[in-house]
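Only heavy atoms go into these numbers, but all of them, side chains included; no hydrogens, no water, no symmetry mates.
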Amino acid sequence: MQPGDRLYEKINPAIRNCKIGVAVFSPNYCDSHFCLHELALLMESKKRVIPIFCDVKPSQLRVMDYGTSSAKELQRFSWALEEAKHTVGLTFDTLTGDWSQFLNTATDAVIKNLAELEAGNSSKNCAASS
């Protein structure tokens with residue numbers, strides 16, 4: 001992205017065209033309209049999402065009504081957040097964790113998931129051409 005680009009014009013198509021999403025949840029994640037919108041778009045697009053819970057437990061994450069989102073958006077965000085909270089993910093504690101080890105683990109998880117998706121697509125393509 002370049003300075004001056006409209007966020008939704010760039011982010012929305014990128015999410016719709018991605019294979020995997022990585023959602024990094026922090027204690028303030030749910031305060032961000034953009035984070036919640038991106039998560040909802042990932043879930044609505046039925047993308048495989050790898051949640052990373054950084055300094056927060058899934059049970060601590062809640063969508064709050066600050067009066068800036070419609071009731072429909074809040075429901076959409078809450079649904080997406082619940083879906084992510086019930087997906088196996090990674091956890092990291094920034095005070096005690098080893099960043100290098102965590103980054104290797106996260107990278108391995110993304111690569112493994114991409115390989116699984118590609119293997120699934122290859123077998124679907126083979127079955128369709130048979």
Donor-acceptor under 3.5 Å (S32 side chain, N28 main chain) | no
Of the non-hydrogen atoms in L39 and A23, which two are nearest, and what is the gap between them?
-> CD1-CB, 4.2 Å
Could you tell me which non-hydrogen atom of A106 sits nearest to which non-hydrogen atom of L90, and how far apart they are?
-> CA-CD1, 3.6 Å
Do the ring planes of H37 and H33 sit parallel (below 30°), tilted (30 to 60°) or perpendicular (above 60°)?
-> parallel
Can you see which heavy atom on I15 is nearest to which on K47, and at what distance?
-> O-CE, 3.3 Å
Close side-chain approach of F92 to T105, heavy-atom, < 4.5 Å | no
Relative to each other, are the rings of F25 and F53 parallel, tilted or perpendicular (30° and 60° limits)?
-> parallel
Might you point out which heavy atoms bring V56 and P27 nearest each other, and give the distance in Å?
-> CB-N, 4.1 Å
Looking only at heavy atoms, what is the nearest atom pair of R16 and S45, with distance?
-> CG-OG, 4.1 Å
Heavy atoms, side chains only, cut-off 4.5 Å: are C54 and T94 in contact?
-> yes
Can any side-chain N or O of Y29 pair as donor or acceptor with the backbone N or O of L61 at less than 3.5 Å?
-> no
Taking the side chain as every heavy atom from C-beta outward, state whether K19 and V110 have any atom pair closer than 4.5 Å.
-> no
